[in-house]
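Protein chains get the first letters and strands the later ones, always in sequence-line order, with residue 1 at the start of each. Just so you know, these numbers use all the heavy atoms, side chains as well, and skip hydrogens, waters and symmetry mates.
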Amino acid sequence: MEPTLTKPFAAIRRSRAYKMIRDAFWEANPVSKQILGICSALAVTVQLKTALVMSVALTLVVAFSCLVISSIRSLIPRNIRIIVEISIIATLVILADEVLKAFFYDISKQLSVFVGLIITNCIVLGRTEGFALANPPLPSFLDGLANGIGYSSILIGVAFVRELLGAGKLFGFSVIPVAFYQAGYENMGLMLLAPGAFIVIGLFVWLQHTLLKKRIIR
Amino acid sequence: MENLISIGINSVFVGNILLAYFLGMCSFLAISKNIKTASGLGLAVIFVLAITTPVNWLIYHFLLAPGAMAWAGLPAVNLSFLKLVLFIAVIAAMVQALEMIIDRYSPGLYAALGVFLPLITVNCAILGTSLFMIERDYRFSEAVVFGIGSGIGWCLAIVAMAAIQQKLRYADIPEGLQGFGINMITTGLMAIGFMLFAGISI
């Protein structure tokens, strides 16, 4: 029984895509290790719902802008490449923004300007500039996807802590039992304010750096 | 007038573009190593914001907003979805133009700001200010004050951060927390400080 189960996993584990996603998720996480794209990462993390929508939007924008730019990379003149990249990214962001407005109007109101700010998110420009311009479309698409997922992991992690401690809810549902509140437990208002996000992400990075270092020493 | 003062104060302190809305973090973390470069970048940001925010206001209200093309005989046209592309193009063009103008007329200032100017194009604080101005329906005079105020707020935050970082060199920080981690926590504490201005009414 066991070999048949582990075999496909082993095959997946050896594949390039798995390795890329793992690296972007943990060892070279765009937010916590490369310090990219924090701007929009924090403002939408008061609730898990907005963080999740933002993550999906950003992941799709990164992946598809890498795909598009990589497939026309031989046509882009070297000295105007930044403006070409930004217009492609902006087009995709407008697309994402319009889709959100059409189908998820409430969430799009909550995300306010932060969907638009994906354009200036350094992850997107960083990946297109650093990877997609020099690699064929499929690996570029995977690279964009992997970095998007790495970014999402931090965003959702921070949102999880902030919503749980700040409002006692997850995805808008109360998870802290009423008995806790009667026993004197109180929600931590600081988590809902801007400073909470900075402190949570600082602690996250501390944890991750410590764990990574331990593994390298071993 | 009172309204303008309150928008100005609010954008510098309570609604600080960096500490309350998290915009412009990338360059904030990268360039806050010493006070001199930090204040150079801060000044450049004030400069660019003071110009791009009013220009983007004009573009939005005379070209893009629903019904804005009435002066050209096209009252039914709504191009507001184009604002993202157009704003970023205006910012990039403005930064480029500024760079050339400063280079031509003030080589001293150019030497001081030169390296930072291109970085500003991708600073989210600039695009963010323009988008917030549209979202909050500011009038032209309010947009001007808001642009300058946001710039001053950002500049204040980065200079203060640079000063703190210089002092932090002598602190004994746990190993995993060094660098990015401690910077984020310091920023969090600074944000708490800036939020206290919310209690002050003028």
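Within residues 152-175 of chain B, the residues approaching chain A closer than 4.5 Å by heavy atoms are, in numerical order, Pro174(B), Glu175(B). Interface residues of residues 130-140 of chain B toward chain A, defined by a heavy-atom distance below 4.5 Å and sorted by number: Leu131(B), Phe132(B), Glu135(B).
Within a 6.0 Å sphere centred on OH of Tyr181(A), other residues, nucleotides and ligands contribute more than 12 heavy atoms. Counting heavy-atom neighbours within 6.0 Å of Phe62(B) CZ, excluding the residue itself, gives a total of 12 or less. Within 6.0 Å of the CH2 atom in Trp206(A), the count of heavy atoms belonging to other residues, nucleotides or ligands does not exceed 12.
Rounding to the nearest 0.5 Å places CG of Leu177(B) at 11.5 Å from CG of Leu207(A). How far CD1 of Ile119(A) is from CD1 of Ile88(B): 6.0 Å, rounded to the nearest 0.5 Å. The CD1 atom of Ile83(A) sits 9.0 Å away from the CD atom of Gln96(B) when rounded to the nearest 0.5 Å.
Here the shortest heavy-atom pairing between Leu127(B) and Gly116(A) reads CD2-O, 4.1 Å. Closest of all the heavy-atom pairs between Gly188(B) and Pro195(A) is O-CB, 3.4 Å.
In this structure, Phe22(B) has its ring center under 6.0 Å from that of Phe198(A).
Ranked by heavy-atom pairs under 4.5 Å with chain B, the list Gly202(A), Gly196(A), Ala197(A), Ala90(A) is led by Gly202(A).
Both the backbone and the side chain of Ile192(B) come within contact range of chain A, judged by heavy atoms closer than 4.5 Å. The part of Leu190(A) that comes within reach of chain B is its side chain, from C-beta onward, which places non-hydrogen atoms under 4.5 angstrom from that chain. In this structure, the portions of Ile199(A) lying under 4.5 Å from any heavy atom of chain B include both its backbone and its side chain. Interface remark: Ile182(B) contributes no atoms to any contact with chain A (heavy atom separation under 4.5 Å).
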TODO: Please test Met184(B) against Val205(A) for side chain to side chain contact (heavy atoms under 4.5 Å, CB included), starting from the C-alpha separation and ending with a verdict.
DONE: CA-CA 9 Å; Met184(B) 289 313 280; Val205(A) 171; 5.6 Å; no
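Checking Ile94(A), Thr120(A), Ile89(A), Val113(A) one by one against Leu84(B), the side-chain contact (heavy atoms from CB on, under 4.5 Å) holds for a single residue, Ile94(A).
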